[in-house]
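Fair warning: this is a prediction, and the values are worked out from it, not measured in the lab. So that the names make sense, note that chain A is the first sequence line, chain B the second, and so on, each numbered from 1.
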Amino acid sequence: MAERNPGCDLDLAWVENSYINLPSVQRRAATLTSSRTVKKQWQAAWLLRAITCTDLTTLGGDDTDGNVVRLCGKAAQPLRHDISASLGDWTKELTVAAVCVYPSRVPAAVAAARKADNKYGVAAVATGFPSGQYPLSTRLEEIKFAVASGATEIDVVINRTLALLNKWEELYAEVQAMREACGDAHMKVILGVGELGSLTTVYRASLVSMMAGADFIKTSTGKEGVNATLPIGLVMCRAIRNYHERTGFRVGFKPAGGIRTAKDSLAWLVLIKEELGNEWLNRDLFRLGASSLLTDIERQLFHHVTGRYAAAHELPMP
Amino acid sequence: MANKSKSNRLQEIFDNMEYGPALEEKKILDAWLADHNGKFGHFINNEFVIDDNGKFVDSIDPATGLVLAQTCQGTEEDVDAAVKAAAAAYESWSKLSGHARARHLYSFARHVQKHSRLLAVLESCDNGKSIREARDCDVPLVVRHLYYHAGWAQLLDTELHNWKSIGVVGAIVPWNFPLMLLSWKLCPALAAGNTVVLKPATNTRLSALLLAQIAAEAGLPAGVFNVVTGGGQLGSQLASHALVDKVAFTGSTEVGQLLRRLTAGTGKKLSLELGGKSPVIIFDSADIDSAVEGVVDAIWFNQGQVCSAGSRLLVQESVYEEVLKKLKKRMQQLRVGNSLDKTVDMAAVVSEQQRQSIEDCVNGAREEGAQVFQVDAPTGCFYPPTLITDVSPASACVVNEIFGPVLVAMSFRTAKEAIGLANNSIYGLAASVFSERLTLALETAKHLQAGAVWINGHNIFDAAAGFGGYRQSGFGRDGGKEGLYEYIKPKWQPQLRFSKPDLDLKTFGSQYSADRPSLKPRADAGLATVLASDSSSLPRVDRTYKLYYGGGQKRPDANYSRVLRDPSGLAFALVAEANRKDVRNAVEAAAKAQPGWGKRSGFNRSQILFYLAENLEQRRNEFVDHLSALTGESESSAEAEVTASIERLFIWASYCDKHGGTVQETTLYGTVVRLNEPVGVIAIACPDTAPLLAFISLVGAAVARGNAVVVVPSEKFPSPAMAFHQILETSDVPGGVVNILTGDRDHLCKYLAEHHDVQSVWYFGSLAGSCFVEHASADNVKRTWVDYGQGRDWQDAQQGAGEEFLYHSTQVKNIWLSMGDIYAN
């Protein structure tokens, strides 16, 4: 594990003097994917890497321990056994990075993870997920509950109201309190980018979250109208890079929401490699929040080992 | 079960997360080359014409060094055959309806789309550029230009009904974007009803041949688009062919100058899109990370082999270190490699010769003590992304176009200084400005001397916005409505084909002469208004015509005079005989006055021009008398000339605030503003016909659009124009905007055409003088407008005040304003 980001004092001048030019960002995001591609064994290896960076997620009102435990099974064994065998035995050891569930489902997930030797983490969303429109006291309570239930990672949401009103001091204080409540559990700070209105606000919220001690910054809850898009990811990665350049601390990045295809996952890996470098290309500093992504990756790997295209029912469902 | 070594390799990649090669296939290209046995002739009349006994040269893939095919070295006979084919085809093609030509161009576009991958792969192999850029930029722009101009073919008769096609176009294009740049010439030429003979660059000939084949497949009639291949000499042969009516060139400033001299005095229309040393200005108010990406697009696109490459980086001092640090880091992410690899950012440069030339420039900078920062590049015909710092404004690498992936960086303190540094160049092709402050970015764009200014971006192109330069970056535009004017001429104009007049360019106009006193003065000289009828016993009050420049009457430097004679040979007046020093002074005054005049609102300029008309009206009788006494024309004819002059002033006053530009409908999300900017200082030599009307028609158009002029009135009848200076003075025309020099037209034009601070010369005189002006203008690539001694009817609305006047009075700048901040709620 890399050294955790301890945060730093809120540097308001830096936050408020930052501007993001959307058309330029869109242009760069578009050429990122048209100028890089991985084929054949490179594609297979990269997809395997994507699996290990995945936070396999279920965040439904209808979640029960039953579907959460099944998800944990997929987390521990993401690939059909014969596909793994064809790729090489070392791939049988690969798991996703974590499962991501609501706080009430944490005990079941923790139990399942323990059976799999805790090869993957258990992440809980908290702090009034997804809206954050709750009192700070109850939001912090949720963190404490999840941590006490055994969650190793907490995905908190920021108070978008504060971000939209440029109340950066207050936001900084809230996120700091959340970090404190997390204790040893790693904190991923969800910005809810679809509700921030402008990329400049996304960039500023990213900086404030990192200054307040985020271990990761994460795009979205998956519940907003706009979630993880490459231009947004590009802006957040640049915030991470600039924060690292100024403070020396590495903060992780987690896009979440709308990442469904193997091709999507490769685009995100390319973005990380180009903007942050190989150091970030592992589960300590990069996560893909996804629910159905694994199935498409498995489909591509099926093709890689057999040369044929698989039918949907041939691939294990999560 | 898994193959052990494969599995290990997979794990190795899983661990190091490196990219692998992703090569574009070239099987179809190989098949096309094989169809032709790897040997290509010219493409004339929709057929490949090959002479097996001719000379052939290898077309080399610079990335691999392998020979792709052989193409022939054309001869003058080949050029002749192609031009004659085009001339024959012109007879029918030019007579087709606009709709029929539109259908042809539409079909052509469709076929290019259907063969787009083959074109991209060929372009990549032939030029060395990355397949990604060929696929995502070059070929889509070819298609876009075809569609856009299919539309112009359809609309030409309605939108440009006072214009017509020219004839055979000789197009000469360079190797950096062989297909794209040829389409920039071909599409407007064909849309307007011209036919084309194209000479592709020596290094990159194949894609033009493939495109011609596709055109034939698409049903383009034989002879409409012909391709001849060969060396540089072939270009000259094409440009000087008697049946070629227009030469369209993109390439180096040096060759552009050569073509200007070659075609001088022949009547051939010429457009030149030449070199550049375009600035990239980054303000501290920019989104710095995005600005760094803008720099990547500016200088490392197409290995920096782009006319509009942003090769001079100007960064506000407060963020200079930060920008350079980020840039160096970004450079390390650039991948340089095989052209057909889909994962490279930069591929091969076009030839070993070009690579060597880039290297020489960079070594020169090293020797001057500059810091050179480079990242890795493969061996072979590749050159690494390069950043040069610690340079002086006079360093060769700062001044000269390198045409490679080499960026020089300098800092500035204020916007004014940035503009000063940016404009401190012989070139003026393009520029970019990075700032999140709209007021700053727009004002900067306004003051940059460049044909294209991108705000928060660089190297963005579209068929709907013309591309082309100010200053020594050339004249004429490729694309947009503004680009069409290069391929059409006024409907009233006859064919202009002249054999180059025989004149000694060294001595032409160099003679200074003046008159001696005349013993035969005209009794009423000085005009009736001056001479009091009841004081005939007194000497008349002398009427003095000095030179007029800088807002005042100036005695001529040499203090000689010219005697004007009336039709009966009697001395009518003395006017000053100006020389080169007067030219120097007048141009200086004009250059000083022009920026302020150009910056005034159109409303303000129009008020002044209307006022000129008002004041001329008041003195109508004086000018009628003056004209008829001097020229011998009837009073009614003089009356008509003054009346027309007043109307002309109304016309140009009206255009002061009605020709500022338009919005270009490009594919950019945002607004592209076309500004019709002043050309600058325009030298005007007036004809002897209609001495007042021609003077006013020409000067009025120029000053209406914000230019300052140094004008030589009719050599034979200069006094009406000189008398007009009083009207200029009483009508609030600022000093230096209109400067009038009397004397020997060709003598003065010599020094005006040779003056580097004159941006354009309008010459209405002899064929020899026209030839001289065009020839001399090559040195600083002036625009010219000459009449080849043909004359025109100044009373005619089209000939005396047509759209042509506005075209010559303006140069187009396109400002690209991308927009967007909204992406979600």
By a 4.5 Å heavy-atom criterion (distance strictly below it), what part of [X] contacts chain A: side chain, backbone, both, or neither?
{"X": "Gln333(B)", "value": "both"}
{"X": "Val344(B)", "value": "backbone"}
{"X": "Gln11(B)", "value": "both"}
{"X": "Glu12(B)", "value": "neither"}
{"X": "Ile131(B)", "value": "neither"}
{"X": "Lys329(B)", "value": "side chain"}

Does this structure show an ion pair linking [X] with [Y], if we count only N-O contacts that are shorter than 4.0 Å?
{"X": "Arg330(B)", "Y": "Asp345(B)", "result": "no"}
{"X": "Lys326(B)", "Y": "Glu245(A)", "result": "yes"}
{"X": "Glu195(A)", "Y": "Arg160(A)", "result": "yes"}
{"X": "Arg135(B)", "Y": "Glu123(B)", "result": "no"}

Can you list the residues that meet the side chain to side chain donor-acceptor pair (under 3.5 Å) rule with Tyr120(A), with sequence neighbours excluded? none

Not counting sequence neighbours, which residues clear side chain to side chain donor-acceptor pair (under 3.5 Å) with Ser432(B)? List them please. His458(B)

Residues Trp454(B), Ser308(B); criterion side chain to side chain contact (heavy atoms under 4.5 Å, CB included); working and verdict: CA-CA 11 Å; Trp454(B) 296 285; Ser308(B) 56; 4.0 Å; yes

In the structure I gave you, are the side-chain heavy atoms of [X] and [Y] within less than 4.5 Å of one another anywhere?
{"X": "Leu48(A)", "Y": "Leu79(A)", "value": "yes"}
{"X": "Trp14(A)", "Y": "Leu207(A)", "value": "yes"}
{"X": "Phe249(A)", "Y": "Tyr243(A)", "value": "yes"}
{"X": "Ile460(B)", "Y": "Arg27(A)", "value": "yes"}

Identify which part of [X] has an atom lying under 4.5 Å from any heavy atom of chain B, answering side chain, backbone, both or neither.
{"X": "Leu234(A)", "value": "neither"}
{"X": "Arg28(A)", "value": "side chain"}
{"X": "Leu47(A)", "value": "neither"}
{"X": "Ser18(A)", "value": "neither"}
{"X": "Val193(A)", "value": "both"}
{"X": "Val38(A)", "value": "side chain"}

Give the interface residues of residues 279-291 of chain B toward chain A, defined by a heavy-atom separation under 4.5 Å. Asp287(B), Asp289(B), Ser290(B)

For the aromatic rings, using the six-membered ring if either is Trp, is the centroid distance between Trp46(A) and Phe14(B) under 6.0 Å? no

Interface residue of largest heavy-atom contact number with chain A, from Ile822(B), Thr343(B), Asn16(B), under 4.5 Å: Thr343(B)

What residue, out of Met17(B), Arg335(B), Met819(B), Glu133(B), has the most heavy-atom pairs lying under 4.5 Å from chain A? Met17(B)

For residues Ser5(B) and Asn8(B), is any side-chain donor paired with an opposing acceptor at under 3.5 Å? no

Just how far is it from atom CZ of Arg132(B) to atom OG of Ser35(A), taken to the nearest 0.5 Å? 4.5 Å

Report the distance from atom CG of Asp11(A) to atom CD of Glu16(A), rounding to the nearest 0.5 Å. 10.0 Å

Residue by residue, scan residues 270-281 of chain A and write down, ordered by number, those that have a heavy-atom distance under 4.5 Å to chain B; if none do, write 'none'. Val270(A), Lys273(A), Glu274(A), Glu275(A), Asn278(A), Leu281(A)

Is it true that, when you exclude Lys342(B) itself, more than 12 heavy atoms of the residues, nucleotides or ligands shown sit nearer than 6.0 Å to its NZ? yes

